[in-house]
Number of protein chains: 2
Amino acid sequence: MTSISKRDRILDAAEALFAERGFDGVTLRQIASSAGVDVALANYHFGKKLELFNAVFDRRSALLNQSRLEALRKVQAQEGDKGPSVEQIIEAFLRPLELTQETADPGWRHYLALIAYVNNSTYWGKRMMSKLFDDLVQEFIQALRKALPNASDQDLYWCYHNLSGALTLTLAQTERIDALSGGLCRSSDFQAAYDHMIPFVAAGFRQVCGAQD
Amino acid sequence: MTSISKRDRILDAAEALFAERGFDGVTLRQIASSAGVDVALANYHFGKKLELFNAVFDRRSALLNQSRLEALRKVQAQEGDKGPSVEQIIEAFLRPLELTQETADPGWRHYLALIAYVNNSTYWGKRMMSKLFDDLVQEFIQALRKALPNASDQDLYWCYHNLSGALTLTLAQTERIDALSGGLCRSSDFQAAYDHMIPFVAAGFRQVCGAQD
DNA sequence: AATGCCATTCAACGCTTGTTGAAAAATAAG
DNA sequence: CTTATTTTTCAACAAGCGTTGAATGGCATT
């Protein structure tokens with residue numbers, strides 16, 4: 001049957017609910033109820049509500065950063081001195097996020113939506129995004145700088161901003177594209193999203209950051 | 001002195017606070033306090049908290065849609081039968097959002113951040129975005145379809161999704177790019193954002209939706 | 001001066017919230 | 001089996017929530 005600990009069930013429930021309704025849109029009683037435990041148990045394991053939120057956010061971040069960094073290192077090793085292409089770098093940035101949804105566990109899907117929630121919020125973004133993802137992002141930007149030697153740093157950062165925005169809306173899985181396209185496209189189809197996003201973003205980088213080699 | 005009505009002060013305060021903390025992150029007492037009025041006055045003018053939220057969201061939507069549609073109609077009239085280019089269409093989609101921040105009134109800036117909040121949330125997006133913005137978006141997509149005659153509808157919608165994501169993160173003004181770039185780029189600089197976003201997105205559309213004419 | 005009407009405040013309601021300390025149950029150690 | 005230790009529940013708290021009805025104020029029209 002269900003062999004996962006109550007502690008983990010709280011994390012799972014909180015993850016799903018925070019992702020859907022945000023920090024303030026969810027009560028500890030809703031989380032406890034969804035996890036099938038008493039409301040006081042969340043406090044026993046995690047302390048205050050904010051600490052539970054942080055625990056949810058931290059749980060999967062190391063694993064995610066690691067798999068993205070590995071993907072980057074792999075193409076870097078492949079391409080040697082000349083370094084990977086823009087497409088390869090963006091592919092390494094995005095594809096690891098896709099793998100996380102091939103499993104039956106919906107946890108990763110909820111977690112990615114939570115990242116979108118945090119990243120799109122000034123209030124939460126400042127508290128959580130930089131601490132956990134800045135190093136990784138700078139690593140990718142450094143790789144892009146090498147692949148686009150004519151780019152100014154300003155252009156590079158604005159282009160990354162566009163990439164980050166497109167990615168964030170994808171992770172949010174708002175189903176807006178499902179409605180707009182009349183069902184032709186589906187928010188849940190990360191593979192289709194990245195299949196389109198990678199050439200789209202790569203062309204954008206090249207256009208703005210002018211690569212003539 | 002301050003000649004704006006208390007009713008409008010409530011809308012302004014709610015707009016700023018909802019944009020920063022979301023619907024559930026703000027109390028009516030905070031809104032009333034920020035507006036300098038009694039908490040019961042919000043209820044008198046707008047009814048329930050949710051109706052106040054809707055009132056805030058509706059207030060500027062017609063004006064915004066109108067100015068974007070006018071911008072599209074203008075380039076359409078200019079270009080006649082052959083229709084406007086991808087760049088012109090995207091320009092018409094984005095630039096009206098920039099004008100709204102040239103005024104000293106911070107209201108529009110808060111409103112755009114609120115749109116970003118709603119658009120990035122499944123819960124609120126379904127309730128509010130479609131109703132107010134779908135017609136306009138379909139109009140722009142139709143124009144893009146004409147400018148990119150070889151594009152499949154799927155490709156077109158996914159490209160629009162990327163555009164919408166980049167725009168949404170810009171509207172959110174999270175100041176993440178400020179931190180990442182070490183102050184080189186600023187979230188508040190919509191003009192720089194669109195100067196980079198327009199060629200970026202246009203190149204993406206052309207790459208994915210293959211224009212060979 | 002009196003009247004009616006809208007705008008605004010006051011005071012309070014019932015309810016839910018996050019949090020806590022003590023009791024109880026389950027598990028591990030001796 | 002007994003004793004510690006950890007996990008879980010129970011019961012309750014003070015605080016803050018959205019909302020409401022009645023009272024007050026200001027401002028026209030009569």
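Treat the numbers as computed from the prediction; the structure is a model and nothing was measured. In what follows, chains are A, B, ... by sequence order, proteins preceding strands, each numbered from 1.
By the 30° and 60° cut-offs, the orientation of the rings of F93(A) relative to Y160(A) is perpendicular.
Residue V39(A) is classed as a base contact, given a heavy-atom separation below 4.0 Å to a base.
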Salt bridge (charged side-chain N to carboxylate O under 4.0 Å, His left out) between D195(B) and R95(B): does it pass, once the steps are laid out? CA-CA 9 Å; D195(B) 284 349; R95(B) 290 293 182 193; 2.6 Å; yes

So R73(A) and E70(A), salt bridge (charged side-chain N to carboxylate O under 4.0 Å, His left out) or not? Walk me through it. CA-CA 5 Å; R73(A) 294 287 179 245; E70(A) 270 171 16; over 6 Å; no

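Listed by chain and residue number, M129(A), S164(A), T168(A), L169(B), R176(B) satisfy the side chain to side chain contact (heavy atoms under 4.5 Å, CB included) test with N119(A) (two or more places apart in sequence, or in another chain).
One atom, CG of L50(A), and another, P of dT19(C), lie 9 Å apart when rounded to the nearest Å. Counting to the nearest Å, the P atom of dT7(D) and the CG atom of D8(A) are 12 Å from each other. Put simply, CZ on F46(B) is 16 Å from P on dT20(D), counting in whole angstrom units. Rounded to an integer number of Å, the gap from CG of L17(A) to P of dG18(C) is 12 Å. In this structure, CG of L11(B) is placed 14 Å from P of dA7(C), rounded to the nearest angstrom. A straight line from CG of L41(A) to P of dA25(C) spans 16 Å, rounded to a whole angstrom. In this structure, D38(B) places its CG atom 15 Å from P of dT19(D), rounding to the nearest Å. If you take CZ of R7(A) and C1' of dA26(C), they are 18 Å apart, rounded to a whole angstrom.
When the side-chain nitrogen and oxygen atoms of H45(A) are compared with OP1 and OP2 of dT8(D), one or more of them lie within a distance under 4.0 Å.
Along DNA chain C, the nucleotide nearest to K48(A) and the one nearest to Y44(B) differ in position, and the one closer to the 5' end is contacted by Y44(B).
Closest to the side chain of N43(A), out of dC10(C), dT19(C), dT9(D), is dT19(C).
By the 4.0 Å N-to-carboxylate-O rule, D12(B) lies close enough to R59(B) to be salt-bridged with it.
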Identify the pairs formed between an N or O of the protein and an N or O of nucleotides 13-17 of chain C at a distance under 3.5 Å, and give each distance.
none

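Aromatic ring centres of F18(A) and F53(A) lie closer together than 6.0 Å.
To the nearest 0.5 Å, atoms CG (D153(B)) and SG (C209(B)) are separated by 9.5 Å.
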